[in-house]
Amino acid sequence: MDKINIFKEILKRKIKSDIIYRDFFVTAFNDINPVAPIHIILIPNNYIKNINNVNNSDIFILGKMLLVCSKIAKYKNIDISGYRLVINCNKDSGQEIDYFHIHILGGKFLGNFICNI
Ligand code: AMP
């Protein structure tokens, strides 16, 4: 049997989540284990495994996702203070869930990410 994909279950509302935004193309919900005061996960409604699996037909959804990130940042009042968008891909990034997603992180000083690697 296939492993349960938590984000697919969230979309089908079979797993409870704190959805903060949804439209025809994307869904955003609060991360269950936040690492910052604001930690939101944004996913496309149509399944994409990870960034390795995108092609020309995904150009619209990728742009749409960045647009929604900026709208959520404004809505959450972190657009001026600042925020970070994170996309993990496969093992070395620590990607836990095989469903393409963007982390939106903010609400505190996040430090210099590149220097912390
Ligand atoms: P990643 O390591 O990029 O795959 O990130 C997966 C993220 O999903 C982690 O930050 C988890 O805390 C988060 N997560 C896992 N299960 C849930 C859930 N049921 N609801 C919301 N976020 C979740």
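None of these values were measured; they are calculated from a predicted model. Numbering of ligands and ligand atoms starts at 1, following listing order. We count residues from 1, following the sequence as given.
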Worksheet item: Among all protein non-hydrogen atoms, which one is nearest to atom 15 (C) of ligand 1, and what is the separation to 0.1 Å?
Response: I97 CD1, 3.7 Å
Response to the item:
So the atoms of ligand 1 within less than 4.0 Å of a heavy atom of N30 turn out to be 21 (C)
Response to the item:
Rounded to the nearest 0.5 Å, the CD1 atom of I38 sits from the NE2 atom of H103 at a distance of 15.5 Å
Worksheet item: Hey, which atoms in ligand 1 end up nearer than 4.0 Å to a heavy atom of H103?
Response: 1 (P), 3 (O), 5 (O), 7 (C), 10 (O)
Practice prompt. Return yes or no for this condition: an N or O of K16 is under 3.5 Å from an N or O of ligand 1.
Written response: no
Worksheet item: Out of L105, I104, V35, which residue meets the side-chain contact (heavy atoms from CB on, under 4.5 Å) rule with V86?
Response: L105
Item to complete: Report the part of I32 (side chain from C-beta onward, or backbone N, CA, C, O) that has a heavy atom under 4.0 Å from ligand 1; answer both or neither where that applies.
Response: both
Fill in: Identity and distance of the protein heavy atom lying nearest atom 13 (C) of ligand 1
D31 OD2, 3.3 Å
Fill in: Same apolar cluster (I L V M F W Y, side chains within < 4.5 Å links), M65/Y21
yes
Worksheet item: If you count the non-hydrogen atoms of other residues, nucleotides and ligands that lie under 6.0 Å from CG in N46, is the total more than 12?
Response: no
Discussion item. Hydrophobic cluster membership, with links at side-chain heavy-atom distances under 4.5 Å among I/L/V/M/F/W/Y: are L66 and F100 in one?
Written reply: yes
Discussion item. Please list, in number order, the atoms of ligand 1 under 4.0 Å from a heavy atom of N33.
Written reply: 12 (O)
Discussion item. For F25 together with F60, are the ring centres under 6.0 Å from each other?
Written reply: yes
Item to complete: Return yes or no for this condition: an N or O of G94 is under 3.5 Å from an N or O of ligand 1.
Response: yes
Worksheet, complete the sentence: Ranked by distance from atom 19 (N) of ligand 1, the top protein heavy atom is I6 CG2, 3.6 Å
Worksheet entry | From N88, D98, N90, residue fulfilling side-chain hydrogen bond (donor to acceptor under 3.5 Å, both in side chains) relative to N50 | N90
Response to the item:
If you scan protein heavy atoms around atom 4 (O) of ligand 1, the nearest is E96 N, 2.7 Å
Worksheet item: What is the closest protein heavy atom to atom 8 (O) of ligand 1, and at what distance does it sit?
Response: F7 CZ, 3.4 Å
Response to the item:
For atom 1 (P) of ligand 1, the closest protein heavy atom turns out to be H101 NE2, 3.2 Å
Worksheet item: Going by the order shown, which atoms of ligand 1 are within less than 4.0 Å of some heavy atom of I10?
Response: 18 (C), 19 (N), 20 (N)
Discussion item. Please determine whether residues L62 and I43 belong to a single hydrophobic cluster, defined as Ile, Leu, Val, Met, Phe, Trp and Tyr linked transitively by side-chain heavy-atom distances below 4.5 Å.
Written reply: no
Worksheet entry | Check: Y47 ring centre within less than 6.0 Å of F7 ring centre | no
Item to complete: May I ask you to check if ligand 1 and N88 share an N or O to N or O distance below 3.5 Å?
Response: yes
Response to the item:
For residues 82-96, the salt bridge (Lys or Arg N to Asp or Glu O under 4.0 Å) pairs (sequence neighbours left out) are none
Fill in: Contact (N/O only, under 3.5 Å) between Q95 and ligand 1
no
